Amino acid sequence: SKVLDDCGVCRDPGDPGFSRTGIVDYHLGGCVGCDGVPYSGNELDPCGVCAGPGCLSTEASLRSWCCDCAGVPFGPNVIDFCCNCVNREEHFLELSDGLFNGPPENHSLAFD
């Protein structure tokens, strides 16, 4: 039998689309945000933070934790010694005068 879910939709409680407070389902077309509240509109940002700021701001302090200096989530860019945002692999090659082929495989600047 069908009943109203927490989004106000009449569905069978066994239906995968049946929305319940506390169970995030916005990504499945339901109304429960990442905070577990119906109709909050809150979604995960690219860094996985619920209602997080994302990486779009030009102000670094207003970005989510995983954004690099170019605003790319989990991106390849770092700040160099002159405070410029540069690609970390190119920067490492420049620092090593091309002597090495980038950072060691297990180094924090190495590409995954």
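This structure is a prediction, so every number in the text was calculated from the model and none was measured.
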Please collect all side chain to side chain donor-acceptor pair (under 3.5 Å) contacts where either partner lies in [range], sequence neighbours excluded, each pair once.
range          : result
residues 24-34 : Ser19-Asp25
residues 3-15  : Asp6-Thr21
residues 45-54 : Asp45-Ser64

### Summary
Members sharing Val3's hydrophobic cluster, built from side-chain contacts under 4.5 Å between Ile, Leu, Val, Met, Phe, Trp and Tyr, are Phe18
## Note on the structure
Value for CZ (Arg63) from CG (Asp68), rounded to nearest 0.5 Å, stands at 7.5 Å
### Query
Distance from Cys69 atom SG to Asn87 atom CG, nearest 0.5 Å?
9.5 Å
### Side-chain touch Val32/Val37, heavy atoms, less than 4.5 angstrom
no
### Message
Between Asn84 and Ile79, does the side chain to side chain contact (heavy atoms under 4.5 Å, CB included) criterion hold? Intermediate values first, please.
### Response
CA-CA 5 Å; Asn84 297 311; Ile79 302 291; over 6 Å; no
Output side-chain donor-acceptor pairs under 3.5 Å for residues 47-58, partner residues at least two apart or in another chain, one line each.
unit_1	atom_1	unit_2	atom_2	d
Ser57	OG	Glu59	N	3.0
Ser57	OG	Glu59	O	3.3

#### Entry: ring pair (Phe, Tyr, Trp, His ring centres under 6.0 Å) contacts in which one or both residues fall within residues 57-80, not counting sequence neighbours
Trp65-Phe74
### Message
Looking at Cys82, is its backbone amide N or carbonyl O close enough to the side chain of Asp80 to form a donor-acceptor pair, meaning the two atoms are under 3.5 Å apart?
### Response
yes
### Query
Does Arg20 reach the main-chain N or O of Pro13 with its side chain, forming a donor-acceptor pair under 3.5 Å?
yes
